[in-house]
Structures are given as C-alpha cells and as structure tokens.
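One structure is given here, and the rest of the page talks about it.
The residues of the chain are indexed from 1 along the displayed sequence.
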Amino acid sequence: MIYLHIFLAFFIPGILGYGGGPASIPLIEHEVVDRYGWMTTSQFSEVLALGNSLPGPIATKMAGYIGFEVGGVLGSFVALFATVAPSLILMVVLLSLIYRYKDSPRVKRLSKVVLPTVAVLMGTLTFDFFYESYFTNGLWETLFIAILTYFLLEKWKVHPAFVIVGGLVFGAIFLG
C-alpha cells in the first residue's frame with residue numbers, strides 16, 4: 001500500500017503542477033508533509049535545498065530522495081515514475097494526435113508558427129551564453145571554444161557528450 005501512496009503523492013502534483021518543479025513543489029510539500037506525514041516542514045526544506053543544489057529538474061530529484069526514504073529503492077523508482085508519468089502520458093497522447101493529423105492544414109500551420117519560435121528561443125539562449133562567456137572568460141577564449149566546438153561537432157562528427165566533457169576539462173584547467 002505504501003507504493004500506491006508514494007505514486008499518488010507524486011502523480012497528483014505532476015498533474016496539477018503545470019510548469020514543472022517550481023510550480024509543483026508546494027503541491028509535493030502538501031502531499032509529503034501534510035497528507036502522509038513522511039517528513040516535517042524542516043526536513044522537506046532540507047530536501048528542497050539539496051534538490052536545488054544539484055543539476056537537473058528539482059521535482060525528480062526530490063521524488064527520488066523522498067521515495068527512497070519512504071519505500072527504499074522501489075519507492076524511489078515509483079516516485080520518479082509518478083513524477084514524470086503525467087508529462088510522459090500527455091506527450092504520447094499529443095504526439096499521436098499530431099502524427100494522426102500531420103497532413104491537416106491546421107497542424108502544418110502550427111508547425112510553421114512553432115518552429116520559428118523555437119529557433120528564436122534557441123538563438124536567444126545561444127546569445128546569452130556567448131555574452132556570459134565573453135564577460136566571464138574573455139573574447140579569445142570564447143571564440144576558441146566556439147570555433148573548436150563547431151569543428152568537433154560539424155566537421156569531425158565527434159559525439160556531443162565528448163565535446164561537453166572536453167569543454168568541462170578545458171574550463172577546469174584553463175579557465176578555473
């Protein structure tokens with residue numbers, strides 16, 4: 001029965017907490033602290049602080065930790081699945097609808113609107129990263145990293161994971 005409670009404690013905030021981690025944290029707190037009493041508010045705030053200090057989505061890290069504390073390894077898996085299940089289910093349903101109506105003029109119009117928007121958002125993100133790198137590391141280091149990354153990814157077809165690790169090593173040695 002504990003695994004059902006763990007599932008519900010993270011599935012319900014996943015459905016209601018539109019926008020991911022920050023929006024669902026109060027909902028998770030209500031379930032974990034008030035409803036099931038697995039933690040005190042103080043303990044929950046410590047888990048939240050730990051989740052914020054690590055990279056990646058907050059809600060999944062909190063779910064893994066709380067699930068493990070309450071139900072062991074299986075509890076951790078149940079909590080993680082319950083956290084991502086609403087988004088996963090919605091994504092599968094929406095993608096199947098889009099695939100079914102891919103030849104529809106409305107879906108084609110939607111794609112024509114969404115793709116440029118995503119391109120602008122990615123361009124803005126790239127500019128922000130370049131700007132931050134320029135003021136943090138300097139112009140020549142930023143250009144060196146950008147040009148080297150371009151050649152590694154586009155010309156020499158190096159796997160992106162190796163490029164990321166190389167960038168981390170370069171930053172730690174030369175820019176740290």
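Linking Ile, Leu, Val, Met, Phe, Trp and Tyr residues whenever their side-chain heavy atoms come within less than 4.5 Å leaves Trp38 and Phe68 in two separate clusters. No continuous path of ILVMFWY side-chain contacts below 4.5 Å connects Trp140 to Leu148, so the two sit in separate hydrophobic clusters. Linking ILVMFWY residues whenever their side-chain heavy atoms come closer than 4.5 Å, directly or via other members, leaves Leu97 and Leu110 in distinct clusters. There is no path of hydrophobic side-chain contacts, each under 4.5 Å, that joins Leu168 to Phe170. Both Val158 and Tyr150 sit in one connected hydrophobic cluster of ILVMFWY residues. Membership requires side-chain heavy atoms under 4.5 Å apart, directly or through other members.
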Problem set entry | Trace of the side chain to side chain contact (heavy atoms under 4.5 Å, CB included) decision for Val32 with Phe10 | CA-CA 9 Å; Val32 170; Phe10 290 97; 4.2 Å; yes
For this session: Would you please test Val70 and Tyr36 for side chain to side chain contact (heavy atoms under 4.5 Å, CB included) and show each step?
Result: CA-CA 10 Å; Val70 174; Tyr36 294 108; over 6 Å; no
For this session: Please step through side chain to side chain contact (heavy atoms under 4.5 Å, CB included) for the pair Arg109 and Val113, ending with a clear verdict.
Result: CA-CA 6 Å; Arg109 264 184 297 181; Val113 170; 5.6 Å; no
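A 6.0 Å sphere centred on CZ of Phe130 holds more than 12 heavy atoms belonging to other residues, nucleotides or ligands.
Using cut-offs of 30° and 60° on the angle between ring planes, the pair Phe162 and His159 is perpendicular. Using a 30° and 60° split on the angle between ring planes, Phe7 and Phe11 fall in the parallel class, below 30°.
Put simply, the side chain of Ser24 never gets that close to the backbone of Leu27: no donor and acceptor are under 3.5 Å apart. Panel note: side chain Tyr3, backbone Leu74; no donor-acceptor pair is recorded below 3.5 Å. Lys157 places a side-chain N or O within 3.5 Å of a backbone atom of Glu154 that can act as its donor or acceptor partner. With hydrogens and angles ignored, the 3.5 Å screen pairs no side-chain donor or acceptor of Thr60 with any backbone N or O of Gly56.
To the nearest 0.5 angstrom, Lys102 atom NZ is 12.0 Å from Ser111 atom OG. Here the CD1 atom belonging to Ile98 is positioned 11.5 Å from the CE atom belonging to Met91, to the nearest 0.5 angstrom.
The six-membered or imidazole ring of Phe81 lies away from that of Phe77, with a centre-to-centre distance of 6.0 Å or more.
Under a 4.5 Å side-chain heavy-atom criterion applied to ILVMFWY residues, the cluster that includes Leu80 comprises that residue alone.
Among Ile2, Thr83, Ile6, the one residue that satisfies the side chain to side chain contact (heavy atoms under 4.5 Å, CB included) test with Val78 is Ile6.
Within the structure, every pair that satisfies the salt bridge (charged side-chain N to carboxylate O under 4.0 Å, His left out) test and touches residues 35-55, not counting sequence neighbours, is listed here: Glu31-Arg35.
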